Student: 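Structure provided below as structure tokens; questions to follow.
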Amino acid sequence: MATQPLPGFRDFYPTDFAFRAHIFETWRRTCQRYGFEEYDGPPLEPLELFTTKSGDEIVGQLYNFTDKGGREVALRPEMTPTVARMVAARAGGMKKPIRWFSIAQHFRYERQQRGRLREFYQLNADLIGETGPLADAELIALSIDLVRGFGLGSGDVRVRLSDRRLIRRAFELRGLTEAQQQAVMQVYDKFGRVPQDVSLLKLQEAGLASGDIDALLRLAGVRDFAQLGEGTPDAASLLEAAQPLVEARNALVSMGLGEWIDLDLTIVRGLAYYTGTVFELFDAGRTLRAIAGGGRYDGLLQQLGGVDLPAAGFAIGDVVLGELLRERGLEPEAPAPVQVFVAGVTPEDTPEVLATAHRLREAGFRVEYALRPEAVGKQLKLADARRASLAVVIGPDDRARGEVQLKDLRHKTQLAVAVAELQAALTAALAT
RNA sequence: GUGGUUGUAGCUCAAUCGGUUAGAGCGCCGGACUGUGGCUCCGGAGGUUGCGGGUUCGAUCCCCGUCAGCCACCCCA
């Protein structure tokens, strides 16, 4: 029998599960602080829902099949088409802007690598029905707080910020053909990872004039709005196109998050449905894949749901973030499975052990006891292995006096407690 | 999908030039400790050396294939 999961799929042993739960809980709390409401959709959707947005080529990266009713279906590779459908179906009845988030498992049939599996969890946050730069800033702020919540700082994670409107303006100013624009985007995507002369050669091959090449490579190196118009006749036009982005950045500065932001026009973010602001979160050392990414996609709800609403959103995955947290030693300690271990001295004490344990469980304590008669020493050893803070030891003498021995396993102390006082004593001891 | 690289116990690793019954630590199970834990000591289980084939008297070791992990490319919604 196979003992390994399928390639790109993970087993979550209790330690792994606790780590995952910690990520989800931190995400959920943070989204709620921003007033976002949680939703979910079906993990299995009509294939068409995904090909409408991304074209037929995407099928190569989908877990798709024909179901027993003859329907072409696919496991969701992303959440956006589902949200678009859900929002569109009830758009008329919902107060705008809509703030929604989901934490859901997604599936992509791709060759796995570090930071990229065939199954992963992803938080999606979308803000629908608002076009202004403050909406973009709101989402970027949320994405920052989503990683801050784990103890990561602006020295660990950087936000790269760009805007399709600004890129488009730069292309228009230079009169680039569609093919040339594609070439520039490809060069931008690899900018900083390949030598400058390789980039240069690529752009020459695409037939760009040397003046255009200089201007576009200069833009690729811009890291601040002040640099945007430096030494170029395009200055006024570029700065005008950059206006929404400037406003979004200023909003983030007002929130005290300006430290996290780098202007970086080379972020490409795959396919072309982004219409405005785009951003990505990366580890500061750039050794991992992108942690999160998103932007404004004002035409997408019309295309997918038939309702014309502006929207922006982003996703953050559990895989790369998890790797970064492990790298930084920010994994939380898994919670102890047991708070109170109840031990009996003799087999005759077992009924009292069971009664006590169950009473404590009903009172909400996490309680365990030995499932067969064993020496007290053994039972305490088990209590220790289960990381119990407290032990309750019950023997014939204790029963005769209506007492139990309450033992604090952390502080190595012990005292006799009347049975009636036990719950109060446990609560008090756990608070120390 | 393409190329490179690595696979030995649950985990981390060892095994001389191709040589006898593949070892160690940690972990796990049991015992020494019959009213009190973490320590110590003793014992035990656990391996088709990823899998299949080839070369050889003999393969963990060399060769081929395959599967899986990792890395790069492609892609990245």
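Just so it is clear, the values below take in all heavy atoms, side chains as well, and ignore hydrogens, waters and symmetry mates. Here the structure is a predicted model, which means the values were calculated and not measured. Every chain is numbered from 1 and lettered A, B, ... according to where its sequence line falls, protein lines coming before strand lines.
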Student: Based on Watson-Crick and G-U pairs with both distances under 3.5 Å, what dot-bracket line describes RNA chain B 5' to 3', crossing pairs as [ ] and inter-strand pairs as |?
Tutor: (((((((..((((.....[...)))).(((((.......))))).....(((((..]....))))))))))))....

Student: Are OP1 or OP2 of B:rC76 and a side-chain N or O of A:Q61 less than 4.0 angstrom apart?
Tutor: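 Result: no.
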
Student: Would you kindly say whether A:Q379 and A:E374 are connected by a side-chain donor-acceptor distance under 3.5 Å?
Tutor: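 No, no side-chain donor-acceptor pair sits under 3.5 Å.
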
Student: With nearest nucleotide decided by heavy atoms, which residue, A:I394 or A:Y109, maps closer to the 5′ end of RNA chain B?
Tutor: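 On the 5' side of the pair lies A:Y109.
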
Student: P atom, B:rU8 versus B:rG47: distance in rounded Å?
Tutor: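 B:rU8 and B:rG47 have their P atoms separated by 15 Å.
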
Student: Just by distance, with hydrogens left out, do A:E38 and A:S102 show a side-chain donor and acceptor under 3.5 Å apart?
Tutor: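 Result is no, nothing qualifies.
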
Student: Checking contacts here: which listed nucleotide (B:rG37, B:rC75, B:rU36) is nearest the side-chain heavy atoms of A:E110?
Tutor: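 Among the listed nucleotides, the one closest to the side chain of A:E110 is B:rC75.
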
Student: Looking at A:K407, does any N or O in its side chain come under 4.0 Å of the phosphate oxygens OP1/OP2 on B:rG35?
Tutor: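 Checking A:K407 against B:rG35: no side-chain N or O falls below 4.0 Å of OP1 or OP2.
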
Student: Please give the distance between the P atoms of B:rU6 and B:rC74 as a whole number of Å.
Tutor: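 My reading of the P atoms in B:rU6 and B:rC74 gives 24 Å.
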
Student: What's the closest nucleotide to the side chain of A:D189 if the choices are B:rU34, B:rC76, B:rG3?
Tutor: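 Comparing B:rU34, B:rC76, B:rG3 against the side chain of A:D189, the answer is B:rC76.
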
Student: Is it true that the side chains of A:T30 and A:R148 contain a donor and an acceptor less than 3.5 Å apart?
Tutor: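 No donor-acceptor contact under 3.5 Å links the two side chains.
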
Student: Check for me whether A:R108 meets the cation-pi criterion with A:F120, that is, NZ or CZ under 6.0 Å from the six-membered ring centre and within 45 degrees of the ring axis.
Tutor: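 Because its charged atom misses either the 6.0 Å distance or the 45° angle limit, A:R108 does not stack over A:F120.
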
Student: By nearest atom, which of the nucleotides B:rG31, B:rG37, B:rA77 is closest to the A:E78 side chain?
Tutor: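 My answer, after comparing the listed nucleotides, is B:rA77.
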
Student: Please list each protein N or O that sits under 3.5 Å from an N or O in nucleotides 26-29 of chain B, with the distance.
Tutor:
none

Student: Kindly point out which of B:rG35, B:rC75, B:rA77 is positioned nearest to the side chain of A:R116?
Tutor: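 The closest nucleotide is B:rC75.
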
Student: Please report the distance separating the P of B:rG18 from the corresponding atom of B:rC76, rounded so that it comes out in whole Å.
Tutor: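 B:rG18 and B:rC76 have their P atoms separated by 47 Å.
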
Student: Distance check, P atoms only: B:rU21 and B:rG43, in whole angstrom units.
Tutor: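 The same atom, P, in both gives a distance of 24 Å.
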
Student: Under 4.0 Å: is that the gap between some side-chain N or O of A:K381 and OP1 or OP2 of B:rG31?
Tutor: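 For B:rG31, OP1/OP2 do not have a side-chain N/O of A:K381 under 4.0 Å.
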
Student: Testing A:N64, A:T66, A:T51 one by one against A:E72 for a side chain to side chain donor-acceptor pair (under 3.5 Å), which residue passes?
Tutor: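 Testing A:E72 for a side chain to side chain donor-acceptor pair (under 3.5 Å) against A:N64, A:T66, A:T51 leaves exactly one candidate, A:T66.
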
Student: Let's see if you can work this out: which of B:rC76, B:rU36, B:rA77 has an atom nearest to the side-chain heavy atoms of A:I58?
Tutor: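 My answer, after comparing the listed nucleotides, is B:rA77.
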
Student: Name the closest nucleotide to the A:Q113 side chain, picking from B:rC75, B:rC76, B:rC71.
Tutor: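 Selected nucleotide (nearest to the side chain): B:rC71.
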
Student: Is the A:F341-A:Y369 ring centre distance short of 6.0 angstrom?
Tutor: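 Aromatic pair excluded; centres sit 6.0 Å or further apart.
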
Student: Given B:rG1, B:rG37, B:rG69, which nucleotide is nearest the side-chain atoms of A:P7?
Tutor: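 Selected nucleotide: B:rG69.
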
Student: Could you state the CZ-P distance from A:R286 to B:rA72, rounded to the nearest angstrom?
Tutor: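 Rounding to the nearest Å, CZ of A:R286 and P of B:rA72 are 13 Å apart.
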
Student: Is any side-chain N of the basic residue among A:R289 and A:E323 closer than 4.0 Å to the acidic one's carboxylate O?
Tutor: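 Looking at A:R289 and A:E323, the cut-off is not met.
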
Student: Among B:rC75, B:rC70, B:rG35, which nucleotide has an atom closest to any side-chain atom of A:R289?
Tutor: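 Looking only at heavy atoms from C-beta outward on A:R289, the closest nucleotide is B:rC75.
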
Student: Of the listed nucleotides (B:rC70, B:rG38, B:rC74), which one gets closest to any side-chain atom of A:K412?
Tutor: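 The answer is B:rG38, which lies nearest to the side chain.
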
Student: Is a donor-acceptor contact shorter than 3.5 angstrom present between the side chain of A:Q414 and the base of B:rU36?
Tutor: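 Yes.
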
Student: Ignoring hydrogens and geometry beyond distance, is a side-chain donor-acceptor pair present between A:Y121 and A:R20 at under 3.5 Å?
Tutor: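 Yes, a side-chain donor-acceptor pair sits under 3.5 Å.
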
Student: Hey, does the Lys NZ or Arg CZ of A:R160 hover above the aromatic six-ring of A:F282, less than 6.0 Å from the centre and inside 45° of the axis?
Tutor: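 Yes, a cation-pi geometry holds between A:R160 and A:F282.
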
Student: Cation-pi check, A:R76 to A:F50: give yes when NZ or CZ is under 6.0 Å from the six-membered ring centre and within 45° of the ring axis, no otherwise.
Tutor: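 Pair A:R76/A:F50 does not count as cation-pi.
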
Student: Can you tell me how far C1' in B:rG10 sits from the matching atom in B:rA45, rounded to whole Å?
Tutor: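 Their C1' atoms lie roughly 13 Å apart.
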
